[in-house]
Amino acid sequence: MRFLLLLLVPLVAPLLVDGQEDYCFGKDSDRPQTAQFASKTAYQIVKSSNIDKQYLVPGCEAKKMWVFHRHGTRLPKSGTIKKASRLIELRDQIVKNYREAKTKPDTNALCTEDLIAIQLWKGNSSITPDMDEFLTSQGYDDLRGTAKLYQRYYPTVLPKDYNDTYYQFRHTDTQRTTESFKAFAEGLFGTGNAAHPVDIPKDDLLLRPYDYCQSYKELNYKGEGSEYHKYTQSALWNSTLADISTRLGYLYTLDQADILLMYDTCRYEQAWQVDRTSVWCGAFLPEQVTVFEYAEDLKYYYGSGYGFEEDTARLNCRLVQDMLTHLSNPVSPHVIAHFGHTTGLQTLITALGIRKDDIKLRADNYNSLTNRRWKTSILGPFAANFVAVKYDCPAALDKEKAVFFLNQDAVQLDWCSVGLCNWSEVLQRYKTLADANCDEYFCRSGASSLAGGALSSLLASFLLAAVVYLMH
């Protein structure tokens with residue numbers, strides 16, 4: 001009997017190993033890693049549903065709203081678009097590794113479904129380099145959808161009839177923010193509406209202050225010696241690249257640029273069509289995506305977050321003042337909506353002290369910060385939005401209150417009550433920014449020579465808005 005068992009072991013062992021299935025993206029119905037794609041995460045995947053329970057404040061009436069909205073899902077930069085031919089080469093190499101070279105790894109190999117999906121992948125020839133960072137149809141739907149959602153919860157604040165004194169819109173000078181504004185307006189007022197934005201100043205210090213601050217531009221947030229650079233030189237990073245290469249059938253470690261090209265394609269394609277999957281996402285295990293997410297979190301933490309807080313928290317001085325002034329003023333416009341970029345949103349969040357960790361993110365504390373607050377996947381996906389709603393509460397001791405929403409979830413600040421803040425406390429907490437001379441305060445090195453022109457444009461825009469208001 002013992003001899004018979006010894007004979008059976010070599011036959012049974014492979015069956016036991018094969019029974020332990022490797023990860024298969026094509027069979028995974030949950031795919032939690034798609035919610036960890038940092039700034040390229042699809043809004044529909046990570047948006048919160050908590051607003052259902054948070055928008056209604058007993059004894060209070062919503063009166064005014066202020067919005068900062070990142071543009072919706074976009075195409076990559078032209079440099080990435082031009083690399084489509086390299087993706088085809090990688091696709092063919094991976095298939096050859098498995099079909100001909102027989103270098104499929106013993107563990108963590110691609111499942112048959114994922115391999116076939118990669119084999120059948122074809123690039124989208126309609127996406128050309130001249131469409132650099134253009135808004136996609138999904139991106140348009142993102143913004144139209146958020147407008148409809150907030151209008152559903154706040155119908156009296158967001159009426160369906162457009163009035164150019166009641167509403168004020170502004171966007172940066174890019175195709176993706178221009179189209180995002182149009183989508184948002186369509187969500188509020190329907191197609192063929194008359195909504196229009198205010199003029200874009202030559203130097204946009206309100207929505208793009210980071211373009212006019214030399215000391216900010218000189219921050220080392222991803223160069224040699226930075227936490228991001230240290231992390232991408234670490235043993236964890238290098239072993240992750242090696243493991244991905246092995247999973248794809250390579251007997252050597254692929255260039256980092258090739259791996260990140262596949263990863264970016266995975267992220268973009270997933271965001272473009274949220275109801276489908278990108279075949280390139282099958283190249284990565286969920287834990288490998290988590291490693292990549294932390295790299296991008298480090299980059300943004302030091303580039304537009306709390307890593308260099310003395311610089312980044314100052315940048316949006318004007319934007320914070322714009323919000324406080326608008327919500328404090330009982331007259332029109334009752335709704336202000338700005339359409340910008342992820343750097344603008346993240347520096348705004350930093351200025352307001354939102355999602356700040358007690359421990360700084362560093363290259364060496366990845367394992368201890370898995371539950372960190374600063375996760376760009378959650379705070380800054382495509383179409384991310386920060387919405388401040390002002391309430392009148394006639395029976396309360398503090399009659400003016402506010403709720404801040406980040407991606408449809410009420411922001412929890414320790415000086416507010418379950419997301420509901422006394423307006424007097426808001427003004428006190430942000431008094432430094434409210435009282436600052438932003439011309440001097442927003443940039444430690446002083447604004448560039450362009451700032452003078454920007455201030456003139458800002459003043460002209462203000463005077464024009466005042467004239468329009470008086471005419472009505």
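This is a predicted model, so every value here is computed, not measured.
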Engineer: Evaluate R208 against Y210 for side chain to side chain contact (heavy atoms under 4.5 Å, CB included), listing each step before the verdict.
Structural biologist: CA-CA 5 Å; R208 300 190 70 127; Y210 40 86; 3.9 Å; yes
Engineer: Can a salt bridge be assigned to the pair R372 and D297 using a cut-off of 4.0 Å between side-chain N and carboxylate O?
Structural biologist: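 Salt bridge: yes.
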Engineer: Please check if the side chain of Y216 supplies one atom and the backbone of D211 the other of a donor-acceptor pair under 3.5 Å.
Structural biologist: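 Checking the backbone N and O of D211 against the side chain of Y216, no donor-acceptor pair under 3.5 Å is found.
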Engineer: Heavy-atom distance under 4.5 Å between the side chains of Q346 and W374, does that happen here?
Structural biologist: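 A side-chain contact under 4.5 Å exists here.
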Engineer: Are the aromatic rings of H171 and F339 close, with centres under 6.0 Å apart?
Structural biologist: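 No, the ring centres sit 6.0 Å or more apart.
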Engineer: Return yes when atom CG of D173 has more than 12 non-hydrogen atoms of other residues, nucleotides or ligands closer than 6.0 Å, and no otherwise.
Structural biologist: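 Result for CG/D173: open.
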Engineer: Would you confirm whether D114, through its side chain, and G26, through its main-chain N or O, come within 3.5 Å as a donor-acceptor pair?
Structural biologist: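 Checked: pair present.
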Engineer: I need the minimum non-hydrogen distance between V335 and V157, along with the two atoms involved.
Structural biologist: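 Closest heavy-atom pair between V335 and V157: CG2-O, 3.4 Å.
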Engineer: Say whether, by atom type as modelled, one donor and one acceptor occur between the side chain of D204 and the main chain of L207 under 3.5 angstrom.
Structural biologist: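 At least one qualifying donor-acceptor pair exists.
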Engineer: Are any side-chain N or O atoms of Q408 and backbone N or O atoms of S49, one a donor and one an acceptor, separated by less than 3.5 Å?
Structural biologist: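 Between the backbone of S49 and the side chain of Q408 there is no qualifying donor-acceptor contact (under 3.5 Å).
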Engineer: Could you tell me if the side chain of Y150 sits less than 4.5 Å from the side chain of Y55, heavy atoms only?
Structural biologist: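 With C-beta onward as the side chain, the pair stays apart.
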Engineer: Can you tell me if N422 uses its side chain to pair, donor with acceptor, with the backbone of K401 under 3.5 Å?
Structural biologist: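 Judged by distance alone, no pair lies under 3.5 Å.
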Engineer: Are the aromatic ring centres of F386 and F405 under 6.0 angstrom apart?
Structural biologist: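 No, the ring of F386 stays outside the 6.0 Å limit from the ring of F405, centre to centre.
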Engineer: Rounded to the nearest 0.5 Å, what's the gap from CG on D398 to CG on L420? Could you check?
Structural biologist: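 That separation rounds to 10.0 Å.
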Engineer: Suppose we screen for ring-ring contact (aromatic ring centres under 6.0 Å, His included). Which residues come up paired with Y441, at least two apart in sequence or across chains?
Structural biologist: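 ring-ring contact (aromatic ring centres under 6.0 Å, His included) check on Y441 returns nothing, list empty.
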Engineer: Would you call the rings of Y306 and Y301 parallel, tilted or perpendicular if under 30° counts as parallel and over 60° as perpendicular?
Structural biologist: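 Because their plane-to-plane angle lies in the 30° to 60° range, the rings of Y306 and Y301 count as tilted.
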Engineer: Salt bridge between D142 and K47, side-chain N to carboxylate O under 4.0 Å?
Structural biologist: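 So D142 does not pair with K47 through a salt bridge.
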Engineer: Could you tell me if Y43 and N407 have a donor-acceptor pair between their side chains, going purely by distance under 3.5 Å?
Structural biologist: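 There is no such pair between these side chains.
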Engineer: Give every residue pair that meets the salt bridge (charged side-chain N to carboxylate O under 4.0 Å, His left out) criterion with at least one member in residues 320-330, sequence neighbours excluded.
Structural biologist: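 Checked against salt bridge (charged side-chain N to carboxylate O under 4.0 Å, His left out) - neighbours excluded - no pair reaches residues 320-330.
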Engineer: Are side-chain heavy atoms of F25 and Q33 found at a separation under 4.5 Å?
Structural biologist: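 When only atoms from C-beta onward are counted, Q33 and F25 do touch, with a gap below 4.5 Å.
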Engineer: Go through F184 and H69 one step at a time and tell me if the ring-ring contact (aromatic ring centres under 6.0 Å, His included) criterion holds.
Structural biologist: CA-CA 10 Å; F184 194 84; H69 214 310; 5.8 Å; yes
Engineer: Can R444 and D311 be counted as an ion pair, charged N to O under 4.0 angstrom?
Structural biologist: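 Salt bridge: yes.
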Engineer: According to the salt bridge (charged side-chain N to carboxylate O under 4.0 Å, His left out) rule, which pairs have a member within residues 347-356, sequence neighbours left out?
Structural biologist: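 Every salt bridge (charged side-chain N to carboxylate O under 4.0 Å, His left out) pair that includes a residue of residues 347-356, provided the two are not neighbours, is E309-K356.
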Engineer: Please give me the minimum heavy-atom distance between V320 and A351, naming the atom from each residue.
Structural biologist: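 Scanning both residues completely, I find the closest heavy atoms to be CG2-CB, 4.1 Å.
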Engineer: Could you report the tightest heavy-atom contact between S226 and N220, atom names first, then the distance?
Structural biologist: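 So the minimum-distance heavy-atom pair works out to CB-O, 3.6 Å.
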Engineer: Are any non-hydrogen side-chain atoms of C421 and V403 less than 4.5 angstrom apart?
Structural biologist: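 When only atoms from C-beta onward are counted, V403 and C421 do not touch, as no gap falls below 4.5 Å.
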Engineer: Say you draw a straight line from CG of L361 to NZ of K375; how long is it, rounded to the nearest 0.5 Å?
Structural biologist: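 Those atoms lie 10.5 Å apart.
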Engineer: For residues 382-391, which residue pairs qualify under salt bridge (charged side-chain N to carboxylate O under 4.0 Å, His left out), counting only residues two or more places apart or in two chains?
Structural biologist: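 Non-adjacent pairs meeting salt bridge (charged side-chain N to carboxylate O under 4.0 Å, His left out): K390-E400.
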Engineer: With a 4.0 Å cut-off, would you call D28 and R31 a salt bridge?
Structural biologist: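 Salt bridge absent between D28 and R31.
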Engineer: Test T376 against S39 for side chain to side chain donor-acceptor pair (under 3.5 Å), laying out the working first.
Structural biologist: CA-CA 6 Å; T376 49; S39 63; 5.9 Å; no
Engineer: Quick check against the 3.5 Å criterion: does K64 have a side-chain atom that pairs as donor or acceptor with the backbone of N329?
Structural biologist: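 Yes; at least one donor-acceptor contact below 3.5 Å.
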Engineer: Donor-acceptor pair, Q151 side chain versus L188 backbone, under 3.5 Å?
Structural biologist: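 Judged by distance alone, yes, a pair lies under 3.5 Å.
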Engineer: Identify the heavy atoms of Y162 and D164 that sit nearest to each other, and give their distance.
Structural biologist: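 Nearest pair, atom of Y162 first, then D164: OH-CB, 3.3 Å.
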Engineer: Taking side chain as C-beta onward, heavy atoms only, is W272 less than 4.5 Å from T73?
Structural biologist: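 Answer yes - side chains close enough.
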Engineer: Using a strict cut-off of less than 4.0 Å between a Lys/Arg side-chain nitrogen and an Asp/Glu carboxylate oxygen, indicate whether R429 and E425 qualify as a salt bridge.
Structural biologist: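 Yes, charged N to carboxylate O under 4.0 Å.
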Engineer: Give the C-alpha distance, both sets of side-chain angles, the deciding distance and a yes or no for salt bridge (charged side-chain N to carboxylate O under 4.0 Å, His left out) between E296 and R267.
Structural biologist: CA-CA 13 Å; E296 197 153 338; R267 297 195 293 170; 2.7 Å; yes
Engineer: Tell me, please, which residues at least two apart from Y294 pass ring-ring contact (aromatic ring centres under 6.0 Å, His included).
Structural biologist: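 Applying ring-ring contact (aromatic ring centres under 6.0 Å, His included) to Y294 gives Y231, Y366.
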Engineer: Given side chains that start at C-beta, do those of L427 and S328 come closer than 4.5 Å, heavy atoms only?
Structural biologist: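 In short, these two side chains touch, coming nearer than 4.5 Å.
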Engineer: Taking the ring centre of each residue, are Y263 and F292 less than 6.0 Å apart?
Structural biologist: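 Y263 vs F292: aromatic centres under 6.0 Å.
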Engineer: Rounded to the nearest 0.5 Å, what's the gap from CD on E440 to SG on C443? Could you check?
Structural biologist: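 One finds 12.0 Å between CD of E440 and SG of C443.
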Engineer: Just say parallel, tilted or perpendicular for the rings of H71 and F382, cut-offs at 30° and 60°.
Structural biologist: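 Ring orientation, 0 to 90° scale: tilted.
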Engineer: Under 3.5 Å, is there a donor-acceptor pair linking the side chains of H341 and T343?
Structural biologist: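 On atom types as modelled, these side chains do not qualify, holding no pair under 3.5 Å.
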Engineer: Which atom names give the shortest non-hydrogen contact between Q138 and A271, and what distance separates them?
Structural biologist: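 Smallest heavy-atom distance, with atoms named: CG-O, 3.2 Å.
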Engineer: Got a sec, which pairs hit salt bridge (charged side-chain N to carboxylate O under 4.0 Å, His left out) with one end in residues 70-80, sequence neighbours left out?
Structural biologist: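 Sorted pair list: R74-E133.
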Engineer: Just by modelled atom types, is the S304 backbone N or O under 3.5 Å from a matching donor or acceptor in the T350 side chain?
Structural biologist: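 Flag set: sc T350 to bb S304 pair under 3.5 Å.
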Engineer: Are any side-chain N or O atoms of N365 and backbone N or O atoms of R362, one a donor and one an acceptor, separated by less than 3.5 Å?
Structural biologist: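 Yes: the side chain of N365 pairs with the backbone of R362.
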Engineer: Taking N316 for the side chain and L319 for the main chain, is one N or O donor matched with an acceptor at less than 3.5 Å?
Structural biologist: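 Answer holds: no.
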Engineer: Compute the centroid of each ring, for F189 and then for Y167, and state whether the two points are separated by less than 6.0 Å.
Structural biologist: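 Yes: the rings meet the under 6.0 Å criterion.
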